[in-house]
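Written below as structure tokens is the structure these notes are about.
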Protein chains: 2
Amino acid sequence: MTSSRNPRSAPTRHSREDVADAALDILNSFGLADLTMRRLAQSLDVQPSALYWHYENKQSLLAHLADLIVEVPSSETSPGTDRVRARCLALRERLLAYRDGAEVVASTLALGLGAEAPGIDLTAALVDAGTDPETAARVSGVLLHFILGQVSHEQQRAQAGSLGAAAPTDTSESESAEFGFGIDLILGGLATLR
Amino acid sequence: MTSSRNPRSAPTRHSREDVADAALDILNSFGLADLTMRRLAQSLDVQPSALYWHYENKQSLLAHLADLIVEVPSSETSPGTDRVRARCLALRERLLAYRDGAEVVASTLALGLGAEAPGIDLTAALVDAGTDPETAARVSGVLLHFILGQVSHEQQRAQAGSLGAAAPTDTSESESAEFGFGIDLILGGLATLR
DNA sequence: ACCTGAACACCGTTCAAGT
DNA sequence: ACCTGAACACCGTTCAAGT
């Protein structure tokens, strides 16, 4: 929302959340590769060093962004494993809502610096559906890896296509279908475990 | 193999493969973060700019590494979907054989710059096991996303643990079990599709 | 509480020129 | 065929000092 600064304005002070918002703006407008501390500082009319008052380093900023991307309104929908499926689709939507969203979340998760909400959420939904806790944790891991991998792939392809010479690949239509297939495959596997 | 240069030697000339070997040495000794063009050049006793005679840019070097990591001796083992399982385990071993191997392969694959062999291989094995080609391609995608995600996670945790304060996480023993569980879950799902 | 200014130690890449 | 030298346009991070 607060992307560009008015030139030659009063020296505005910023909060941690201001910084995160500006970072999300850059992410969505230009992608992860262009989200540098220096560029972020520039968009806030501030010196790069100022950012280190708000965040210990770039990784912890990215971890914060990952948490924001992943935080879900948690709307209660269908019961049973249909709820698991719904949560997976909702997570995909959250990831697609930000450019490079999946990569930001995947790397934060890999480094163990945040973005744990979806895993907890999915595991809980699976337990709710009658899965024992250990199996639920493992299935949730499989789902998460698939979701992050598939959506990263999707997002990278979208970017490559936006500057490449008209890649004749499938549209987002068939990507949703492929995604649903993957989720159903994994949940189908779960069903045979009973 | 050819990691360090003797100081003050004759100006050795290098081939494209020499560069790749030196890069894999750095990868295994110090990890992806330390694999910079400047550092690679230094290890070859060469100016950074010399590398751009061998590779168009860093990404294409990484793509070459990904192909090398992933190229598998293709030993024919068990038949049916057991062969699929065996291929998945073999791929995991290849990825684990290089530090950050999964990340290198995943990013190359995401960018569409190489490392396509495992996908082709897995799809073929699935077709061989009686799966129709389109389903085989999709299942192979699910398997690949899981494998790359899980192994990245594994490798990142190993590195974090090597410098962190003795993370009381599970050993590689249970990581193999978790991996096998994931593969079986997905292949179990495939079985229900018949 | 939040930021500046200046510095440190790096990056990837290009390009004319050399052998 | 393979490399040098020099430059360009960047990075993340630290830290004393300012308000």
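Sequence lines set the chain letters: A, B, ... in the order given, protein chains first and strands last, and positions in each chain run from 1.
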Test log, rule side-chain contact (heavy atoms from CB on, under 4.5 Å), inputs B/V151 and B/L91: CA-CA 10 Å; B/V151 178; B/L91 176 55; over 6 Å; no
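- The distance from atom OG1 of B/T12 to atom NE2 of B/H14, rounded to the nearest 0.5 Å, is 5.0 Å.
- Put simply, the side chain of A/S29 never gets that close to the backbone of A/I26: no donor and acceptor are under 3.5 Å apart.
- Straight-line distance from the CD atom of A/Q42 to the C1' atom of D/dC10: 12 Å, rounded to whole Å.
- The shortest non-hydrogen separation linking B/L109 to A/H153 is O-NE2, 4.1 Å.
- Side-chain N or O atoms of A/R16 include none that pairs as donor or acceptor with a backbone N or O of A/Y55 at under 3.5 Å.
- Not a single donor-acceptor pair, N or O on each side, falls under 3.5 Å between the base of C/dG12 and the side chain of B/T36.
- Remark: B/S140 OG to B/L190 CG distance equals 11.5 Å, nearest 0.5 Å.
- Using C1' as the reference atom, C/dA9 and D/dC10 are 14 Å apart when rounded to the nearest Å.
- Side chain of A/Y52, nearest nucleotide from D/dA1, D/dT14, C/dT13: D/dT14.
- In this structure, B/M37 atom CE and C/dT13 atom C1' are separated by 9 Å, rounded to whole Å.
- Closest-nucleotide positions on DNA chain D for A/D34 and A/A50 were compared, and the one nearer the 5' end corresponds to A/D34.
- Distances from the side chain of A/S49 to the nucleotides D/dC15, C/dC2, D/dC3 place D/dC15 closest.
- Atom CZ of A/R39 and atom C1' of D/dA9 are 14 Å apart (whole Å).
- Side-chain nitrogen and oxygen atoms of B/H54 include at least one within less than 4.0 Å of the OP1 or OP2 phosphate oxygen of D/dC3.
- When base pairs are accepted only as Watson-Crick or G-U wobble with both N-N or N-O distances under 3.5 Å, DNA chain C takes part in stems of 3 or more pairs at C:4-8 with D:12-16, C:12-16 with D:4-8.
- Going from atom CG of B/L44 over to atom C1' of D/dT4 covers 15 Å, rounded to whole Å.
- Atom CZ in A/R16 sits about 12 Å away from atom P in C/dC2, given to the nearest Å.
- In this structure, CH2 of A/W53 is placed 17 Å from C1' of D/dA17, rounded to the nearest angstrom.
- Of the listed nucleotides (D/dG5, C/dG5, C/dA1), C/dG5 has the atom at the smallest distance from the side chain of A/Q47.
- Of the residues in residues 56-66 of chain B, those with a non-hydrogen atom less than 4.0 angstrom from any atom of DNA chain C are B/N57, B/K58.
- Both the sub-6.0 Å distance and the 45° axial angle are not jointly satisfied by A/R99 relative to the ring of A/F30.
- Taking a 4.5 Å side-chain heavy-atom cut-off between Ile, Leu, Val, Met, Phe, Trp and Tyr, the cluster of B/L113 extends to B/L111.
- Residues B/N28 and B/Y98 come closest through the heavy atom pair OD1-CA, 3.2 Å.
- Between B/R157 and B/E175 a salt bridge is recorded (basic side-chain N to carboxylate O distance below 4.0 Å).
- Looking at which nucleotide of DNA chain C each of A/R38 and A/P48 is closest to, the 5′-most match is held by A/P48.
- What separates CG of A/L40 from C1' of D/dC11 is a distance of 14 Å, to the nearest Å.
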